Amino acid sequence: MSGTSEGPAPATELDRPVVTESEIITSAGTDPPVVRAPAPSPPSYRSVFTAAPLAMAVVDREGLVTGANAALAGLLGRDQDTLTGAVAADLVDLTSDARTWHAYREMLRGRRARLRCTRRLKHPEGHALWVRVTVAPLPAVDGGVLLSVADISDHRELQERLRHVRMHDPVTRLPNRTLFFERLAKALEAESYEESGTGRIGLCYLDLDGFKAVNDTLGHRVGDQLLTAVAERLTRCAKDAARTGTPLVARLGGDEFALLVEDSTGTEQLADLAESLLDAIQAPFDLSGRRLSVSASIGVVERHAAGTTPTALMQAADTTLYWAKADGKARWTLFDPERNAHRVTRQALASTLRPAIDRGEFALEYQPLVGMEDDRVHGVEALVRWHHPRFGTLTPNRFISLAEEDGSIVPLGRWVLRTACRQARAWQLEHPQGPPIFVSVNVAVRQVWDSDLVADVADILQETGLAPELLQLELTESAVMGSAGRPIQTLKALSDMGVRIAIDDFGTGYSNLAYLSRLPVSVLKLDGSFVRGFQIEDRTAKASPADEVIVEAMVQLAHRLGLTVTAECVETSAQATRLRRIGCDTGQGWLYSRPVSPDRISELLDTPGVQAGVGNP
């Protein structure tokens with residue numbers, strides 16, 4: 001696609017020349033090559049030295065200038081008389097890197113034949129000056145070396161201009177595929193991340209939904225205008241989202257763009273960036289009096305830089321972009337090793353699940369349960385993550401069913417319960433000024449049948465010092481409704497102990513309401529499908545009251561039975577407002593916070609309330 005923009009591309013940080021590593025030329029031999037400079041006495045040599053257009057200076061074995069011509073003084077912007085006696089290495093910056101400095105000292109001692117390097121100097125008038133410095137030995141009778149300096153600024157400027165043209169897209173003026181992969185390869189070199197930074201790298205790989213239709217119906221000229229406008233918005237988002245540094249924005253070709261985040265701080269940073277990119281692109285474009293609306297699909301990858309290659313990172317990003325489009329477009333999708341069926345198999349995970357518990361590969365994240373009336377964190381749900389050494393971080397839906405099948409859910413559940421209770425007690429001690437929050441832990445039916453859950457809970461509460469009323473155990477509706485015998489006895493014993501019992505995903509299972517009144521349950525958690533039903537896609541349409549009536553009926557029923565109600569998957573302020581009006585007690589979802597680390601929960605406990613988005617890092 002040909003570009004329509006005119007004029008040279010604006011300079012960017014990538015365009016600034018960097019001091020190149022010195023090119024040191026040495027030669028071995030008993031008699032090093034000699035630069036024939038006549039002895040000071042013959043007038044012909046003096047006249048040639050003085051009148052020569054090449055900037056030169058004679059330097060003694062101590063590194064001091066014994067004579068310099070007018071050309072050198074003019075080049076450096078110095079008075080010629082002040083050069084005599086000056087330290088030659090300081091005049092042309094031969095000390096800025098160890099290799100050059102060592103080679104120069106070896107020349108002064110007569111142990112090297114020749115030195116040549118490129119240097120960027122600062123002229124007294126303020127502008128930069130690129131020079132080629134050559135140092136060669138003088139005859140032994142004269143001693144010292146001859147220093148010559150050539151101005152190559154015009155050549156360097158031409159090189160940089162040509163490089164900029166070669167490395168930038170003519171339509172959007174963004175870095176092109178060549179420069180992007182050069183930067184990516186550099187970022188993944190060990191020396192780039194081992195000395196400083198987070199040691200992580202992130203990538204947002206984006207393309208426009210339906211861009212071909214724009215080209216086909218409105219022409220390539222409008223298509224180029226759209227690409228340029230998109231590039232401007234992406235660049236603005238990158239600057240606004242900068243934390244440790246501004247992400248590199250590049251056009252990889254066609255309608256494909258990439259944002260490279262070096263030293264990323266985690267998936268939350270990339271998720272926030274992807275959200276801002278979607279919002280920016282979805283706003284209508286005004287192009288030559290024509291109003292266009294487009295969307296984008298984004299594949300997001302974030303990982304440790306160590307062990308990652310440019311090919312592997314781009315393959316992951318390309319796969320994730322495909323997922324985003326397959327899931328409906330106009331969205332971002334985070335790379336998920338679980339979804340790679342060819343890499344993650346049930347057999348591979350099942351064979352390593354039990355040993356993983358002993359190796360400490362599991363960790364907990366916590367999602368706040370926020371009061372609808374006061375926007376305060378009342379509790380948190382503990383969510384287990386498996387940091388698999390091969391497959392990356394796995395969420396419960398990938399391994400819990402396997403754990404239930406082979407019985408490892410019992411030791412895993414015991415570990416989750418102990419870790420969550422210990423953390424809840426730690427928060428209580430860290431924040432004695434406020435009311436303590438409870439922790440909610442999911443329990444599988446097999447834990448009830450295959451272990452003494454009551455004894456386990458009692459021992460863990462005693463061990464951690466957590467009060468029973470600050471522990472909530474969640475069981476799914478399908479697991480509880482219609483159960484009899486041991487499960488019911490276990491739930492009653494736990495309830496008598498003071499532990500709160502919650503039914504998760506309420507409204508999707510048996511819904512035996514008469515049986516519900518006989519269960520020792522204190523909390524109902526409404527399934528997220530009901531809350532998502534509140535979302536109105538067409539803002540001009542009137543909302544159907546059916547979904548609200550159903551939820552309101554369940555809330556009223558729960559309250560009549562003395563139960564509290566928690567709504568899952570609360571994602572918008574409008575949903576929260578309607579749930580609050582209905583009488584829902586607490587909410588859980590991305591409106592308040594994603595699942596986060598314990599430290600992030602501690603920060604939320606220090607705030608007076610959790611408004612929309614406050615809990616999101």
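These numbers come from a predicted model, not from an experiment.
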*Kindly say whether Leu252 contributes a backbone atom to a donor-acceptor pair with the side chain of Arg177 at under 3.5 angstrom?*
yes
Contacts of Tyr205 meeting side-chain hydrogen bond (donor to acceptor under 3.5 Å, both in side chains) (sequence neighbours excluded), chain-then-number -> Glu256
Taken in chain and number order and not counting sequence neighbours, the residues that satisfy side chain to side chain contact (heavy atoms under 4.5 Å, CB included) with Arg418 are Arg414, Arg422, Ile460, Glu463
Residue set satisfying side chain to side chain contact (heavy atoms under 4.5 Å, CB included) with Gln462, at least two apart, ordered chain then number -> none
Sorted by chain and residue number, the salt bridge (Lys or Arg N to Asp or Glu O under 4.0 Å) partners of Arg425 (sequence neighbours excluded) come out as none
Sorted by chain and residue number, the side-chain hydrogen bond (donor to acceptor under 3.5 Å, both in side chains) partners of Asp459 (sequence neighbours excluded) come out as none
request  = Give a yes or no on whether the backbone of Phe506 and the side-chain of Asp527 come within a donor-acceptor separation of less than 3.5 Å.
outcome  = no
The side-chain contact (heavy atoms from CB on, under 4.5 Å) partner of Gln447 among Leu475, Asn442, Leu412, Ile409 is Ile409
Contacts of Glu373 meeting side-chain hydrogen bond (donor to acceptor under 3.5 Å, both in side chains) (sequence neighbours excluded), chain-then-number -> none
Applying side chain to side chain contact (heavy atoms under 4.5 Å, CB included) to Val294 and not counting sequence neighbours gives Leu226, Ile281, Phe285
Asp207 meets the salt bridge (Lys or Arg N to Asp or Glu O under 4.0 Å) criterion, sequence neighbours left out, with Lys325
With sequence neighbours left out, the residues meeting salt bridge (Lys or Arg N to Asp or Glu O under 4.0 Å) with Glu404 are none
Residues passing the side-chain hydrogen bond (donor to acceptor under 3.5 Å, both in side chains) test with Glu361, sequence neighbours excluded, are Arg359, Trp386
Sorted by chain and number, sequence neighbours left out, salt bridge (Lys or Arg N to Asp or Glu O under 4.0 Å) with Asp240 holds for none
Is the Phe180 to Phe257 ring centre distance short of 6.0 Å?
-> no
As a quick check of understanding, evaluate side chain to side chain contact (heavy atoms under 4.5 Å, CB included) for Leu466 and Gln428, giving each step before the final call. CA-CA 9 Å; Leu466 186 70; Gln428 185 179 5; 4.2 Å; yes
query = Are Glu405 and Arg446 ion-paired here, with the side-chain N under 4.0 Å from a carboxylate O?
reply = no
Taken in chain and number order and not counting sequence neighbours, the residues that satisfy side chain to side chain contact (heavy atoms under 4.5 Å, CB included) with Leu334 are Thr267, Val300, Trp332
* Asked: So, Glu381 and Ser440: side-chain donor and acceptor under 3.5 Å apart, yes or no?
  -> no
